[in-house]
Amino acid sequence: MPVLSAAHEAFRARVRDILGEIVTPNADIWEEQRRIPTTAWKALGDRGLLNLPHKGPEFLESAIFCEEVGRTGYSGIRSAICVPYMALWYLQQYGSPEQRRDYLEPAQRGEKVAALAISEPNAGSNLARLATQALLDADTQKYRLTGTKTTVTNGMVADFAVAVVSTSPTVSGLAGASVMIADLDDDNAVRRTIEEPLGYRATGLATLHFDGLAVPAGNLLGPRGRALPQLMRGLDFERLIVGILALGSATYTVDLLGAHIRTHMIGDTPLSGYQSVRHCFAELNGQLALVRQYAYWAARQHSLGCLDTFTAATLKIKATELEFEAAVACLHYYGARGYEQNSIPARLYRDAVSAPFTGGTNELLKDLAFEAGGA
Ligand SMILES: Cc1cc2nc3c(=O)[nH]c(=O)nc-3n(C[C@H](O)[C@H](O)[C@H](O)COP(=O)(O)OP(=O)(O)OC[C@H]3O[C@@H](n4cnc5c(N)ncnc54)[C@H](O)[C@@H]3O)c2cc1C
């Protein structure tokens with residue numbers, strides 16, 4: 001049974017039009033500026049694209065949106081736009097009415113930008129080593145947040161971060177951690193740009209240093225000390241989204257490659273006249289078809305409330321591996337033209353190379369898939 005209806009495809013066409021109007025014409029400038037400007041958030045918010053559901057039957061529209069953002073061919077932009085959507089999942093799931101009013105709704109209108117601050121210099125794949133700490137001052141009813149979060153998407157522009165921090169004076173790491181909202185426009189939250197990232201250039205990547213930042217007790221998302229079970233669900237959702245975004249990027253790359261091999265001539269023969277080139281393309285295109293089917297099946301499972309770790313991890317692994325493989329093939333068949341820094345194949349390659357280790361390294365996800373697969 002097809003997962004997507006004609007109405008979904010009409011929605012896809014609308015999303016493409018809006019992205020073609022707001023994002024694509026400005027994408028190179030945003031890459032140069034290393035961030036998305038405030039006006040773009042507002043424009044996307046005004047068109048309803050930052051207010052897409054995180055669950056239920058309408059989630060399929062969110063999946064389409066993510067695929068289309070990926071299909072712009074700019075992973076920095078896909079990440080800048082969709083990591084806030086992942087951060088807002090925590091507000092949708094655990095947010096109080098006040099938190100929804102003060103953070104979720106302004107972010108959905110494009111008036112505030114959210115970051116997701118989980119990784120630390122010594123805690124990327126291994127979150128057990130989380131060291132950032134927020135201890136509650138009983139008198140002021142405020143947490144004092146101290147520590148460093150790194151490689152934070154939109155770190156340079158975000159108004160607030162959904163942060164995972166230890167809130168226990170006795171239990172270290174993730175076991176004693178909570179999820180909380182940290183306002184970033186404060187002298188005790190210092191942003192340092194990550195200079196010259198290899199790819200993902202429009203993401204406003206930053207390291208965030210917290211030096212006793214005051215976080216009201218009311219900014220805790222969900223119960224204190226429950227970050228671990230919250231993350232187990234949140235990270236499955238994140239991997240689903242990363243997989244769909246990677247599917248979009250892989251689609252862009254395979255389309256570009258397909259057009260190139262049909263038009264680029266070696267003497268009198270187009271590249272597609274060579275069997276080895278045709279086979280390479282057919283392999284990629286076939287894998288793309290399989291990953292797309294799996295991605296929308298996974299999206300449907302999520303919309304029914306049945307997403308599991310095996311599915312989320314497997315999709316993320318397969319989609320990001322395909323994105324990388326397609327980018328390498330594209331660079332290869334563009335020859336020297338693709339080797340110029342400012343060429344499209346070079347950008348696709350720079351971006352794709354990190355996809356297998358962001359949003360959960362694929363090695364870690366293979367371990368999770370192995371365990372979840374019941375072996
Ligand atoms: C462009 C970009 C955007 C990002 N955005 C965010 C963000 O918004 N918020 C956030 O919190 N973080 C973000 N990150 C950080 C990202 O989540 C981490 O890079 C990731 O979790 C891996 O952590 P690490 O870089 O510390 O690598 P490490 O954990 O040090 O791992 C290094 C390498 O070791 C290998 N490895 C790890 N575990 C295993 C294993 N079990 N078996 C075998 N090999 C293994 C992997 O190949 C991995 O790449 C971003 C990173 C990038 C590059």
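Start at 1 and go down the list; that is how both ligands and their atoms are numbered. In what follows, every heavy atom counts, from backbone to side chain, and hydrogens, waters and symmetry copies are set aside.
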**Q** Any chance the side chains of E323 and T253 put a donor and an acceptor closer than 3.5 Å?
**A**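 Judged by distance alone, the side chains do not pair up.
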
**Q** Under a 3.5 Å cutoff, is there a donor and acceptor pairing between the side chains of D183 and Y103?
**A**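 Checked: D183/Y103 side chains pair up, N/O donor to acceptor below 3.5 Å.
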
**Q** N126 to ligand 1: N or O pair under 3.5 Å?
**A**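 N/O-N/O distance below 3.5 Å does not exist for this pair.
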
**Q** So which heavy atom in the protein is nearest atom 27 (O) of ligand 1, and how far is it from that ligand atom?
**A**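 Nearest protein contact, heavy atoms only, for atom 27 (O) of ligand 1 is S125 OG, 4.2 Å.
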
**Q** Measuring to protein heavy atoms, does anything land under 4.0 Å from atom 44 (N) of ligand 1?
**A**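 True for atom 44 (N) of ligand 1.
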
**Q** Polar contacts were defined as any N/O atom of the residue lying under 3.5 Å from an N/O atom of the ligand; does this apply to E363 and ligand 1?
**A**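 Yes, there is a polar N/O contact under 3.5 Å.
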
**Q** Looking only at protein heavy atoms, which one is nearest to atom 41 (N) of ligand 1, and what is the separation?
**A**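 Answer, as residue, atom name and distance: D367 OD2, 3.9 Å.
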
**Q** Between F324 and Y349, how do the two ring planes meet: parallel, tilted or perpendicular, split at 30° and 60°?
**A**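 Tilted.
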
**Q** Among protein heavy atoms, which lies nearest atom 50 (C) of ligand 1, and at what distance?
**A**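 For this ligand atom, the closest protein heavy atom is T151 O, 3.4 Å.
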
**Q** When you look at CZ of R100, are more than 12 heavy atoms from neighbouring residues, nucleotides or ligands closer to it than 6.0 Å?
**A**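 Atom CZ in R100 is crowded, with more than 12 foreign heavy atoms closer than 6.0 Å.
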
**Q** Mind checking what makes salt bridge (Lys or Arg N to Asp or Glu O under 4.0 Å) contact with E283, not counting sequence neighbours?
**A**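 Per chain and number, E283 pairs via salt bridge (Lys or Arg N to Asp or Glu O under 4.0 Å) with no residue.
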
**Q** Any idea which part of Y200 is under 4.0 Å from ligand 1, heavy-atom wise: side chain, backbone, both or neither?
**A**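 The answer is the side chain of Y200.
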
**Q** For atom 3 (C) of ligand 1, grab the closest protein heavy atom and report residue, atom and distance to one decimal in Å.
**A**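 Of the protein heavy atoms, T153 OG1, 3.5 Å lies nearest.
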
**Q** Do T24 and T72 have side-chain N/O donor and acceptor atoms under 3.5 Å apart?
**A**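 No, no side-chain donor-acceptor contact under 3.5 Å.
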
**Q** Against heavy atoms of T361, which atoms of ligand 1 measure under 4.0 Å?
**A**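 Here the atoms of ligand 1 in question are 22 (C), 37 (C), 38 (N), 46 (C), 48 (C), 49 (O).
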
**Q** Taking heavy atoms and a distance under 4.0 Å, where does L205 meet ligand 1: side chain, backbone, both or neither?
**A**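 The side chain, only.
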
**Q** Does the protein place any heavy atom closer than 4.0 Å to atom 53 (C) of ligand 1?
**A**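 Under the 4.0 Å cut-off, atom 53 (C) of ligand 1 does have protein heavy-atom neighbours.
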
**Q** Is a side-chain donor-acceptor pair under 3.5 Å present for S166 with S168?
**A**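 No, no side-chain donor-acceptor pair sits under 3.5 Å.
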
**Q** What atoms of ligand 1 come within less than 4.0 Å of a heavy atom belonging to T358?
**A**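 Numbered from 1, ligand 1 contributes 2 (C), 51 (C), 52 (C), 53 (C).
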
**Q** Report yes or no: do S5 and H8 form a side-chain donor-acceptor pair below 3.5 Å?
**A**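 There is such a pair (donor and acceptor under 3.5 Å, judged by atom type) between the side chains of S5 and H8.
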
**Q** Is it the side chain (CB and beyond), the backbone, both or neither of L116 that lies under 4.0 Å from ligand 1, heavy atoms counted?
**A**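 For L116, only backbone atoms sit under 4.0 Å from ligand 1.
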
**Q** Taking NZ, NE, NH1 and NH2 as the nitrogens, is one of them in R292 or E67 under 4.0 Å from a carboxylate oxygen of the other?
**A**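 Salt bridge present between R292 and E67.
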
**Q** Among all the protein's non-hydrogen atoms, which is closest to atom 19 (O) of ligand 1, and how far away is it?
**A**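 Its nearest protein heavy-atom neighbour is F357 CD1, 4.0 Å.
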
**Q** With atom 12 (N) of ligand 1 as the reference point, say which of S119, A114, S79, G155 has the nearest heavy atom.
**A**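 Nearest heavy atom to atom 12 (N) of ligand 1 lies in S119.
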
**Q** Mind checking whether Y85 and S62 have side chains closer than 4.5 Å, heavy atoms only?
**A**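 With C-beta onward as the side chain, the pair touches.
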
**Q** I'd like to check T269 versus M265 (side-chain heavy atoms, cut-off strictly below 4.5 Å). Are they in contact?
**A**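 A side-chain contact is absent here, since even the closest heavy-atom pair is not under 4.5 Å.
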
**Q** Measuring to protein heavy atoms, does anything land under 4.0 Å from atom 31 (O) of ligand 1?
**A**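 Looking at atom 31 (O) of ligand 1, one finds that a protein heavy atom does lie closer than 4.0 Å.
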
**Q** Please confirm whether E120 comes within less than 3.5 Å of ligand 1 when only nitrogen or oxygen atoms on both sides are compared.
**A**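 No, there is no polar N/O contact under 3.5 Å.
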
**Q** Can you tell me which residue and heavy atom of the protein come closest to atom 23 (O) of ligand 1, and the distance to 0.1 Å?
**A**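 Of the protein heavy atoms, G124 CA, 3.2 Å lies nearest.
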
